[in-house]
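To start, the structure under review is shown below, and the notes come after it.
All heavy atoms count here, side chains included; hydrogens, waters and symmetry mates do not.
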Amino acid sequence: MAQHSSHPIAAAPTPPARERTARLWLRAYVVLVLVLAMCMGALNNVFGAEGVAVLLGVCTVITALIWTLSPVIRQATAQSWPRAPWAFLGYTALAGLSILWSAWPGVSAATWFALVVTTGHGIFLAVALSWREVARALVSACRWVLGLSLGFELFVSVVLRRPVLPPFLGDVEDPSTQLYWSRDNLFTSGRIQGIVGNSNLLGMLCVLALIVFVIAVVAGLSRRGVTLAWLIVTLFLLVRVGSATAAVIAFAVLLVAAAAIAVRRSHTLRARRNWYLLFGAVAVAGLAAALIVRERLFELLGRGGDLTGRSEIWARVVERANERPAFGWGFATPWLPWDPHFDGWIIDHGLSVFHAHDMWVDVYLQLGVVGVVVMAAALFALVWRAWFLAVDRPRWDIESRREFSPLSLLPILVVAALLVQGITESRPLMEWGWLLIVLLATKTAADPVLASEPITPRRRRPRPAAATPAPR
C-alpha cells in the first residue's frame, strides 16, 4: 500500500504522469483522432467535403494547443527532433513545392493541406505516447471502428431493410452500386462495407485489428476473454467483406511474422543468414508462381486477371505520367473528382476514379521520378529500422540477453501490411495509412528502446558447485 509522510514540509503525493487526468484525456483524444482517420469515408458521406475540411481544421487546432501547452510533450519533441522522419518530411515538402508547377494547383493545395495535417498528427502521436500507449490506442480505435461497422450493418439490415446512400447525395435515380454506403448484405451472400463504406478498406482494417489484438494480448495489454471476443468479430467481418486484397495482405503479414520470429530465435549469424536465404527463396518462388498462375489465382479470389480493371487504370496513369517524368503533374492525393483533369478521365463502374490503385504509380504521376526516389528512400529507412527493431535483442549496455517484447513486432507487421496494400491501392498515401506510416517512422527512429519492454534479463540456472576431491 502506498504511504507518505504527514510532516508539514513533506510534499503531497502526486500520481504518476501517465495516470493523471490530463494524460487520460490525451489518450482519449488520440483514440478519437485514430477513429476519425479510419472513418474518413463515413465522415465524407455524412458531412461532405466541406464538413471534412472543417473537422480537419478543428482537430488541427486542438492538436496544436495540446502540443504547445503540454511541457512534457514539448520536451519529448525537443528530444526527438534530431531523429525526425526527415525523408517523409522531405516528401511532404516536395508535395508542397509541386503547387508551383502543378497542372491542377487548386487540387494540389487542398490535398497538400490534408497531407500536412496528417503528417503533423502522426508526429504528434509518436512524441506524445509511449509504445504501450500506441498499441493500446490502436486496439481501442480498431474496436470502435469494427463495432461501429457491425452495428451500422445491423441497423441497415434490421431497421431500414434497404441499401443506404450517403446523405449528401440526396435522391438519386437509378444509382450505381458503387455509390451505396451500405448495400444491405449482412444477411445475404453479398459483401458488406461497414461504417467506412468500402469492402477493401474494411478488410484492411480487419487485418490491422488482427495484428494489434494479437500483439496486445501477448504483451498483456488487454484481457484474453475480451480480446478473443473481438477476434471472433474481426474474423467474421474479414470473411464477410470478401476482399481478395485483405486475404493477400493477411497472408503476407503471416509470412513476415514467421520470418521475424525465426530470425529473432537464431543465436548465430550463420543461422540468421540461413533463415534469410530460406525466406528469400520462398518469397521469390511464391512471387514467380503467382505470376505464372495469376489467372487461376485471381479467379479463386473472385477477381479477374486484370485485377478488376486495375491494369487498365495503371496503363492510362503511366501514359499520362510519362509526359512529365521528372517532377510529375503536381500533388493530388486523392484525385478530387470535381476537377476537370480527373472528372471523367478514368471511369470505373460509372464513377470517376480518385486514385491510381497503386501507390507507386500514383507518386510517379504526381511527383515524377524524384518523388518515387524520395518515397522509396523513406520507406526503405522505415522498413530497415522496423525489421531490426523486431529481430535484434534490446541492448544498450553489456547485458545481451534481455527478453524480446511482443510490441517490437508491431512496426514491421503494420508496415508490411501497408506496403502490400500499396500494390493495389493508394490508401497508404492518405488518411490513416499515411498517419500510421509517419507515426511508426518517427517512433522507430526517435524511441527504439521503449519498443523492447520488458527489459528484464533472462535468469540463469545456478550452476552446481564443483566437487572437492577428498584428501588422500
Minimum heavy-atom separation for I99 and A109, please, with both atom names.
CD1-CA, 3.8 Å

One pair to check against ring pair (Phe, Tyr, Trp, His ring centres under 6.0 Å): F124 and W67. What are the steps and the verdict?
CA-CA 7 Å; F124 169 75; W67 210 336; 5.5 Å; yes

Side-chain contact, heavy-atom cut-off 4.5 Å: V317 with I346?
yes

Gap separating the CG atom of L389 from the NZ atom of K443, nearest 0.5 angstrom
11.5 Å

For the backbone of D184 and the side chain of S157, can you confirm whether one donor and one acceptor N or O come within less than 3.5 Å of each other?
no

Correct closest heavy-atom pair for A95 and L115 would be CB-CD2, 3.8 Å

Tell me whether the count of non-hydrogen atoms from other residues, nucleotides or ligands lying under 6.0 Å of CH2 in W101 goes above 12.
yes

Before you tell me yes or no, could you show the steps for W329 and S102 under side-chain hydrogen bond (donor to acceptor under 3.5 Å, both in side chains), namely the whole-Å CA-CA distance, both residues' side-chain angles and the distance that decides it to 0.1 Å?
CA-CA 5 Å; W329 287 78; S102 174; over 6 Å; no

Just how far is it from atom CG of L125 to atom OG1 of T63, taken to the nearest 0.5 Å?
8.0 Å

Test side-chain contact (heavy atoms from CB on, under 4.5 Å) applied to I62 - qualifying residues, sequence neighbours left out:
Y29, V58, I66

Look at the aromatic rings of W104 and F342 and report parallel, tilted or perpendicular, splitting at 30° and 60°.
tilted

Examine distances only and state if a side-chain atom of R161 and a backbone atom of V158 form a donor-acceptor pair shorter than 3.5 Å.
yes

Say whether R136 and S222, considering side chains only, have a donor N or O and an acceptor N or O under 3.5 Å apart.
no

Checking N185 side chain against T188 main chain: does a donor-acceptor pair fall under 3.5 Å?
no

Considering only NZ, NE, NH1 and NH2 on the basic side and carboxylate oxygens on the acidic side, decide whether D392 and R272 come within less than 4.0 Å.
yes

For the backbone of G422 and the side chain of E425, can you confirm whether one donor and one acceptor N or O come within less than 3.5 Å of each other?
no

State whether the number of non-hydrogen atoms from other residues, nucleotides or ligands found under 6.0 Å of R83 atom CZ is greater than 12.
no

Q193 side chain to R183 side chain, donor-acceptor N/O pair below 3.5 angstrom:
yes

One should read off an interatomic distance between S140 OG and R27 CZ, to the nearest 0.5 angstrom, of 10.0 Å

Using the side-chain contact (heavy atoms from CB on, under 4.5 Å) criterion, which residues pair with T118? Sequence neighbours excluded.
W434, L435

Could E153 and R240 be called an ion pair, given the rule that one side-chain N must be under 4.0 Å from one carboxylate O?
no

Between S199 and S243, a side-chain donor and acceptor under 3.5 Å:
no

Is any side-chain heavy atom of V35 closer than 4.5 Å to one of M38?
no

Test of understanding: with side-chain contact (heavy atoms from CB on, under 4.5 Å), list the residues that count as partners of A441, not counting sequence neighbours.
P85, F88, L382, R385

State whether the side chain of S426 and the backbone N or O of D362 hold a donor-acceptor pair below 3.5 Å, judged by distance alone.
no

Of all the heavy-atom pairs spanning A128 and I73, show the shortest one and how long it is.
CB-CD1, 3.9 Å

So CG of L26 and OG of S70: to nearest 0.5 Å the spacing works out to 7.5 Å

Identify the two heavy atoms, one from W360 and one from D358, that lie closest to each other, and give their separation to 0.1 Å.
N-OD1, 2.9 Å

Value rounded to 0.5 Å, distance of CG in D343 from CZ in F354
14.5 Å

Distance in Å, L34 CG paired with W144 CH2, rounded so as to fall on 0.5 Å steps
13.5 Å

Using the six-membered ring wherever Trp is involved, compare the ring planes of H355 and H357 and label them parallel, tilted or perpendicular (cut-offs 30° and 60°).
tilted

Please find the pair of heavy atoms, one from W335 and one from Q366, that lie closest to each other, and give the distance.
NE1-NE2, 3.9 Å

Smallest heavy-atom separation, A110 atom then L336 atom, equals CB-CD1, 4.2 Å

Short question: side chain of R74, backbone of T68 - any donor-acceptor pair under 3.5 Å?
yes

